[in-house]
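Okay, so here's the structure we're looking at.
Note that these values count all heavy atoms, side chains included, but never hydrogens, waters or copies made by symmetry. Note that this is a predicted model, so its numbers are computed, not measured.
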Amino acid sequence: MGSRRQPATPAPKMKAEVRSGKESDEWSGLDMADGAILALPQALFRMTFLTHLYLNNNNISEISPNISSLKNLKVLNLSRNKLIAIPPSLGEIQTLIELDLSGNQLASLPFELGQLHRIVVFGLENNPFHEPLATHVKSGGDAVLEYLIDNAPLTGEKPEERQWMVPVGGNTSITNRLMKEKKTGFSCFCYNILCDRYASRQMFRYCPSWALQWDYRKGRILSELEDSQCGVLCLQEVSMQEYMHFFHPKLQHSGYIGQFAAKNKCTILHDATFDGCATFFKSSYESVLEPYWINFGTQSMKYSQNCPPIISRCLSKDNVALFTLLKERNSDAKLLVINVHLTWDPIFKDVKVIQIMMCMKAVKEYYEKHNLKGTPIVVMGDFNSTPDSGVFEYMSKGQISPKHRDFVVQRRGADPDDNTEPIPDDAEYYDYSSFFEAVGTTHSFAFKSAYTSEMKCTNRTAGFTGIIDYIWFVVHVGVFVLIGVCLVVMFTYPMHVFVCRYTKELHNKEIWGPLPEDYLNKLPGCPNVHMPSDHLALGSKFLVK
C-alpha cells in the first residue's frame, strides 16, 4: 500500500566531455553550466545514461522535445537561462527528483509537468508567471505540481476491459467434462479497494487529487464488483462507515448479502474510518454459521509467553481474517471462504508469516469443529507478500523452516525487499521457537494459486510493482499426507504429519484476465483516473470435482 519514494542523492558534477554514444562506466553526470551556450546539440539527447545534467547560467532560449529521451535523469538544472517555454515532453522523465527552472522568462508551465511525481526539489522562483500559476508558485513546488496534474486535460485512452480467460496450463477438457456432468460451480472476486483513510496526496502524487477522492473512486469500485457478476466478493481495506453506508446497501440492492470484520481500532477508538475485511455473497447462497473472524494481534497474545518477538512485533498488527461458510440454497453444496489481509510493511516479513500460520491453524480448527469434511476451501485476499516470500512458500508447499530468510533479523541499512542476497553465516533469527512448538511449521491443506504467470502485478504504485494478492484453492482430494519437515528443525520441534482427507478438489475453470501490458507500462502507478485502487482485482471461476 503506497509508494516507497527514494531520497534524492545528488551525484558530483562532472566537467563536460565530448561523448555522444554508449553509456560510460566512469560517469553519469554532465556539467555544462556557465558556458554561454545558446542551443543544445542533438547529440546530448543520445546520452541516455545521464542521471545528472547541469545547464544553468547559460543563454539557452529553447529546449528540444527530444529531452524526453533522457529517461534516467534524476537532476536537471536549467536555472538562469532565457527559456520562455518548457516542452511538454519533459513530463515524461518521471525519474526526476530535482528540477530547477528558476531565473528564466517563463510565464506558464505545461500541465504535463504534473506527472513528475518524484520531484522533491522544484526551483521556480524569479519567473514572470501568470495567474493562477504565480499564486501556486508562492505556495511551493508541491502546490504547483498538484495544480498542474489536477487541471491537466484528460489524455490517454481508457484501458480495454478485462476479460475472463482460461488460466495458463488450464485443462479445457476437464472443464467440459465437469460442466457436462453438471458439477457444482462458484465464482469469486478478490479486491483491495484502497481505504479512503490511506488514499493521501503524499502517498499517490501521480494521481489527480480529484481522482483520489472517495466520492470519485467508490462508484468505479462498485461497478467493477457488479460487472464481475461473481457469486462471492472478498474486499480488503473497507472502512466500517463505507461498509455500512455504501457497500452494504448498494450490493444488497444488487442481490448480495454482506459480512464484515473490523480492525480493533474501529471499536477501541470509536472511529469508523478504520478498515477491515468485507465478504459479500449472492442471495443464492446462505451463510450456514454466524460470521467468524480472527484478529491477528489478539490471536498472537495466545503465543506471547516466552516469545519476545510475538510481543514486540506481532501484538500491534491489527489485521483480520474473515471466515464465511456458505451453502447453496437449492442444494447441499458448501464452500468455506477465508478473506485475509496481512500486515503491509516489508520490514515485518516475519510477522506476515506468523499471521498466515495463525490463520491456517484457525482454519483447521474451524474445519474440524464444524465437521466440514468434504467442504472445499478458498483463501483469498491481500497477503502483502511476493512469490519469493515465506508466506507464499508456506501456502504453496504446506511448510516453512524456522531458518527461512523471512525470519532473519534485518541489519541496519538492508533493503527489506531484496531477497537475492545470500543469508550471512552469522545471521540472527527472530526466536519464535515457542510459537513453532505450539503451532507447528506445516499446515493441513494442499493449496494452489489460481494465478501463475497471467498477471505481471496485482499492486502497481510509483514505489512498488509486484504480485501480493492471491486466490488459493484446494487441489488435492482423498488422502494426502504431508511430512515435509525441514531437517534443520526435525530434531528440535515435534514432527507434524497432517492428513488432508477433508476437502473436495477444485478445478480452476477461468480467471479474471490482466490489463493490457502496454497500458500498465505507461502508468506511473495506480490509482489513477481509470483505476480506483492501487491494487488490481483478481477473480476465479471454479468447478467442484
Side-chain angles (χ1 to χ4, degrees), residues 294 296-315 317 319 321 338 340 342-343 346 348-368 377 379 381 383-410 416 419 422-425 427-449 470 472 474-476 479-503:
I294 60 173
F296 293 120
T298 304
Q299 197 81 356
S300 62
M301 293 179 65
K302 299 179 182 179
Y303 310 104
S304 58
Q305 188 172 2
N306 300 320
C307 194
I310 286 285
I311 298 172
S312 63
R313 297 180 65 78
C314 300
L315 286 179
K317 304 306 176 190
N319 303 90
I338 315 295
V340 181
L342 303 185
T343 191
F348 290 90
K349 291 181 179 180
D350 56 312
V351 178
K352 300 178 190 187
V353 179
I354 297 300
Q355 287 182 340
I356 197 61
M357 293 175 76
M358 289 190 292
C359 182
M360 295 313 301
K361 184 176 186 295
V363 172
K364 180 175 182 289
E365 292 171 348
Y366 186 91
Y367 211 88
E368 292 176 341
I377 308 172
V379 182
F383 292 74
N384 276 308
S385 304
T386 53
D388 59 355
S389 67
V391 168
F392 188 94
E393 181 173 321
Y394 179 75
M395 288 297 293
S396 60
K397 296 183 178 180
Q399 63 179 344
I400 192 167
S401 166
K403 296 297 183 182
H404 190 279
R405 68 181 307 122
D406 283 3
F407 293 120
V408 173
V409 177
Q410 287 285 328
N419 288 331
I423 300 175
D425 294 336
E428 179 185 359
Y429 291 83
Y430 291 109
D431 183 10
Y432 286 105
S433 55
S434 65
F435 174 85
F436 296 137
E437 288 173 1
V439 176
T441 56
T442 63
H443 68 74
S444 310
F445 305 97
F447 285 113
K448 181 181 179 182
S449 173
Y470 303 92
W472 297 96
V474 174
V475 292
H476 289 294
V479 177
F480 177 74
V481 181
L482 179 62
I483 313 182
V485 179
C486 186
L487 289 176
V488 73
V489 296
M490 186 175 292
F491 300 105
T492 306
Y493 307 103
M495 182 177 291
H496 294 269
V497 180
F498 296 112
V499 181
C500 187
R501 59 184 177 273
Y502 311 113
T503 63

Exercise. Tell me, with the steps shown, if F296 and L342 meet side chain to side chain contact (heavy atoms under 4.5 Å, CB included).
Key: CA-CA 9 Å; F296 293 120; L342 303 185; 3.9 Å; yes
Self-check item: F348/C314 under side chain to side chain contact (heavy atoms under 4.5 Å, CB included): CA gap, chis, key distance, verdict
Solution: CA-CA 9 Å; F348 290 90; C314 300; over 6 Å; no
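Checking R405, H404, R313 one by one against D350, the side chain to side chain donor-acceptor pair (under 3.5 Å) holds for a single residue, R313.
For the atom pair CD1 of I338 and CE of M360, the computed distance is 7.5 Å after rounding to the nearest 0.5 Å. Separating the CZ atom in F436 from the CZ atom in F407 is a distance of 4.0 Å, to the nearest 0.5 Å. The OH atom of Y394 sits 9.0 Å away from the SG atom of C359 when rounded to the nearest 0.5 Å. Once rounded to the nearest 0.5 Å, the distance linking OG1 of T441 with CE of M357 reads 6.0 Å. Note: S444 OG to K361 NZ = 10.0 Å, rounded to the nearest 0.5 Å. The distance from atom NZ of K302 to atom CD1 of I294, rounded to the nearest 0.5 Å, is 8.0 Å.
Across all non-hydrogen atoms, the minimal contact from S385 to K352 is OG-CD, 3.7 Å. Taking every heavy atom of both residues into account, D431 and C307 meet most closely at O-SG, 3.7 Å. Of all non-hydrogen atoms in D406 and S389, the two that sit nearest each other are OD2-C, 3.7 Å. Heavy-atom minimum distance, N306 versus S434: O-OG, 3.3 Å. Minimum heavy-atom separation, I400 to G390: CD1-O, 3.5 Å. The minimum heavy-atom distance between M395 and I356, with the atom names listed, is SD-CG1, 3.7 Å.
Residues S300 and I354 have side chains not in contact (no heavy-atom distance under 4.5 Å, counting atoms from C-beta outward). F383 has its side chain within reach of W472: a pair of non-hydrogen atoms, C-beta onward, lies under 4.5 Å apart. Considering only heavy atoms from C-beta on, Y429 comes within 4.5 Å of I423 through its side chain. Counting heavy atoms from C-beta on, the side chains of Q299 and Q355 never come closer than 4.5 Å. Put simply, the side chain of Y367 reaches to within 4.5 Å of the side chain of I377, judged on heavy atoms.
Checked against the 6.0 Å centroid threshold, F447 and Y470 do not count as a close aromatic pair.
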